[in-house]
*Asks:* 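Structure provided below as structure tokens; questions to follow.
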Amino acid sequence: KNDWFLQIIPNKYPAVGPGDLIQQKGLHKIQAGVGFHEIVIFRDHNRHLADFTKEEIKKVLLAYQERYRSLAKEKCVEYISIFHNHGKEAGSTVAHPHSQILALPIVPPDVSRSLNGSRRYFDEHNRCVHCQMLGQELKEKNRIIYQNRHMIVIAPFASRANLEIRIFPKKHSAYFEKVKEQELAYLADALKL
């Protein structure tokens, strides 16, 4: 059938795969690269995500959400990373546009540090650090790139990469998998800018 827009399939060259989390090898215990690695492919190989309509981007986000919810149920999964490859500089090994979904049994150290820092801030101030930061950005209006009813796009105070931007919901919402479909339309709008 040729009426499909996107498909999600297992990655042909996965970084991780099924298996036991810890295996015994004689006196030693080893941990294999266990998890799930999927690829989101788009039928149109000539259009990049930036060329998609807002409605098409929303369909991509809904597909991400669906896979996230499904993979989160797996007993070995502690962290899910969803990223879109665009170009060799971004690590893409194939020319056509695609996204990847990586479900891992560990939380990567940089993400863990960020979560722990957010938790420490909350413990000290009884407030979400991201909500505080967004409140300050909305007040100062120095780094706002774009905003709509539900989302805000900012340039971080201290970028970790060239041209880094961050998209946040305006209302506190910590779980991508719980974002309502109507709000995903606003996220698609923010991604489209």
Side-chain angles (χ1 to χ4, degrees), residues 1 3-22 31-44 48-50 52-86 90-92 94 96-116 118-119 122 128-131 134 148-153 165-192:
K1 243 181 166 180
D3 62 349
W4 59 279
F5 170 68
L6 68 77
Q7 290 187 23
I8 302 176
I9 60 172
N11 194 316
K12 191 174 182 180
Y13 306 103
V16 294
D20 294 327
L21 203 49
I22 297 182
Q31 183 171 2
V34 175
F36 301 88
H37 193 175
E38 300 176 341
I39 188 164
V40 182
I41 56 175
F42 304 97
R43 183 168 184 259
D44 188 341
H48 293 282
L49 190 62
F52 289 3
T53 66
K54 291 176 191 175
E55 192 56 40
E56 288 171 328
I57 294 171
K58 182 179 166 190
K59 287 180 185 177
V60 173
L61 294 171
L62 285 167
Y64 290 167
Q65 252 188 352
E66 183 182 320
R67 289 309 301 147
Y68 186 104
R69 288 182 188 129
S70 180
L71 290 167
K73 295 175 186 174
E74 296 291 337
K75 69 177 185 172
C76 76
V77 173
E78 291 294 321
Y79 178 77
I80 299 171
S81 175
I82 301 172
F83 55 97
H84 187 79
N85 288 93
H86 182 90
S92 183
V94 292
H96 57 81
H98 64 284
S99 300
Q100 295 187 55
I101 303 172
L102 198 55
L104 303 171
I106 60 165
V107 178
D110 60 329
V111 175
S112 185
R113 279 190 298 276
S114 179
L115 291 171
N116 289 336
S118 296
R119 190 175 295 114
F122 186 84
C128 168
V129 67
H130 300 287
C131 293
L134 290 179
N148 59 38
R149 186 171 168 200
H150 291 284
M151 300 292 161
I152 184 167
V153 182
I165 65 169
R166 295 190 180 180
I167 302 173
F168 290 96
K170 286 184 173 180
K171 183 179 77 175
H172 181 88
S173 177
Y175 301 98
F176 169 70
E177 69 276 20
K178 294 180 182 178
V179 175
K180 293 181 176 23
E181 186 173 341
Q182 61 269 27
E183 290 174 3
L184 286 179
Y186 289 95
L187 178 55
D189 173 65
L191 284 166
K192 181 68 178 159

*Asks:* Any idea which heavy atoms bring A63 and L6 closest together, and the distance?
*Replies:*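 Closest approach of A63 to L6, heavy atoms only: CB-CD1, 3.9 Å.
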*Asks:* Roughly how far, to the nearest 0.5 Å, is the CD1 atom of I106 from the SG atom of C76?
*Replies:*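 Answer rounded to 0.5 Å: 11.5 Å.
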*Asks:* Any chance the side chains of R119 and N116 put a donor and an acceptor closer than 3.5 Å?
*Replies:*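 There is such a pair (donor and acceptor under 3.5 Å, judged by atom type) between the side chains of R119 and N116.
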*Asks:* How about K58 and E181: do any of their side-chain heavy atoms sit closer than 4.5 Å?
*Replies:*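 In contact.
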*Asks:* So do the side chains of Y79 and V111 get within less than 4.5 Å of each other, counting heavy atoms only?
*Replies:*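 They are in contact (side-chain heavy atoms under 4.5 Å apart), so the answer is yes.
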*Asks:* Would you indicate whether the side-chain heavy atoms of V40 and Y64 approach each other to under 4.5 Å?
*Replies:*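 Y64 reaches V40 side chain to side chain.
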*Asks:* Please name all residues satisfying side-chain contact (heavy atoms from CB on, under 4.5 Å) with H150, sequence neighbours left out, ordered by chain then number.
*Replies:*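 Scan of H150 (side-chain contact (heavy atoms from CB on, under 4.5 Å), adjacent residues dropped) gives N148, E183, Y186.
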*Asks:* Identify the two heavy atoms, one from H130 and one from S118, that lie closest to each other, and give their separation to 0.1 Å.
*Replies:*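 Taking H130 first and S118 second, the nearest heavy atoms are NE2-OG, 3.3 Å.
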*Asks:* Minimum heavy-atom separation for H37 and V16, please, with both atom names.
*Replies:*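 Minimum heavy-atom contact is CB-O, 4.1 Å.
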*Asks:* List the residues meeting side-chain contact (heavy atoms from CB on, under 4.5 Å) with A50, not counting sequence neighbours, and say none if there are none.
*Replies:*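 Counting only residues at least two positions away or on another chain, A50 forms no side-chain contact (heavy atoms from CB on, under 4.5 Å).
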*Asks:* Who are the side-chain contact (heavy atoms from CB on, under 4.5 Å) partners of E66, not counting sequence neighbours?
*Replies:*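 None.
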*Asks:* Drop me the distance from L134's CG to F168's CZ, to the nearest 0.5 angstrom.
*Replies:*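 Separation between the atoms: 5.5 Å.
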*Asks:* So, for L61 and A188, which heavy atoms are closest and what is the spacing to 0.1 Å?
*Replies:*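 Scanning both residues, the minimum pair turns out to be CD1-N, 3.8 Å.
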*Asks:* Could you walk me through whether L184 and L62 pass the side chain to side chain contact (heavy atoms under 4.5 Å, CB included) test, one step at a time?
*Replies:* CA-CA 8 Å; L184 286 179; L62 285 167; 3.5 Å; yes
*Asks:* Among residues at least two apart in sequence or on other chains, which ones pass side-chain contact (heavy atoms from CB on, under 4.5 Å) with I165?
*Replies:*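 side-chain contact (heavy atoms from CB on, under 4.5 Å) list for I165, sorted by chain: I145, V153.
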*Asks:* Measuring only between side-chain heavy atoms, which start at C-beta, is L104 closer than 4.5 Å to V77?
*Replies:*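 No; the side chains remain at least 4.5 Å from each other.
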*Asks:* Supply the atom-to-atom distance S99 OG to F83 CZ, rounded to the nearest 0.5 angstrom.
*Replies:*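 S99 OG to F83 CZ: 9.0 Å, rounded to 0.5 Å.
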*Asks:* Check for a donor-acceptor pair, side chain of Q65 on one end and backbone N or O of V179 on the other, with a separation under 3.5 Å.
*Replies:*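 A pair under 3.5 Å: yes.
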*Asks:* With a 4.5 Å limit on heavy-atom distance, are the side chains of I82 and Y68 in contact?
*Replies:*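 The answer is yes; the side chains approach within 4.5 Å.
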*Asks:* Regarding E38 and N11, is there a side-chain donor-to-acceptor distance under 3.5 Å anywhere?
*Replies:*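 Distance-only check fails for E38 and N11.
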*Asks:* Measure the spacing between OG of S173 and CE of M151 and express it to the nearest 0.5 Å.
*Replies:*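 Rounded to the nearest 0.5 Å, the OG-CE separation comes to 7.0 Å.
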*Asks:* Nearest 0.5 angstrom please: H98 NE2 to I9 CD1, how far?
*Replies:*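 Separation between the atoms: 10.5 Å.
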*Asks:* Mind checking whether I167 and L191 have side chains closer than 4.5 Å, heavy atoms only?
*Replies:*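 The answer is yes; the side chains approach within 4.5 Å.
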*Asks:* Could you tell me which residues satisfy ring pair (Phe, Tyr, Trp, His ring centres under 6.0 Å) with F5, sequence neighbours excluded, listed by chain and number?
*Replies:*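 Scan of F5 (ring pair (Phe, Tyr, Trp, His ring centres under 6.0 Å), adjacent residues dropped) gives F52.
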*Asks:* Could you give the distance from CD (E74) to CD1 (I80), rounded to the nearest 0.5 Å?
*Replies:*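 If we round to the nearest 0.5 Å, E74:CD and I80:CD1 are 9.5 Å apart.
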*Asks:* Donor-acceptor check, side chain of E56 to backbone of T53, threshold 3.5 angstrom: yes or no?
*Replies:*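 Yes.
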*Asks:* Among residues at least two apart in sequence or on other chains, which ones pass ring pair (Phe, Tyr, Trp, His ring centres under 6.0 Å) with H172?
*Replies:*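 For H172 there are no ring pair (Phe, Tyr, Trp, His ring centres under 6.0 Å) partners, ignoring immediate neighbours.
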*Asks:* For the pair H84 and F42, name the ring-plane relationship: parallel under 30°, tilted 30 to 60°, perpendicular over 60°.
*Replies:*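 Because their plane-to-plane angle lies in the 30° to 60° range, the rings of H84 and F42 count as tilted.
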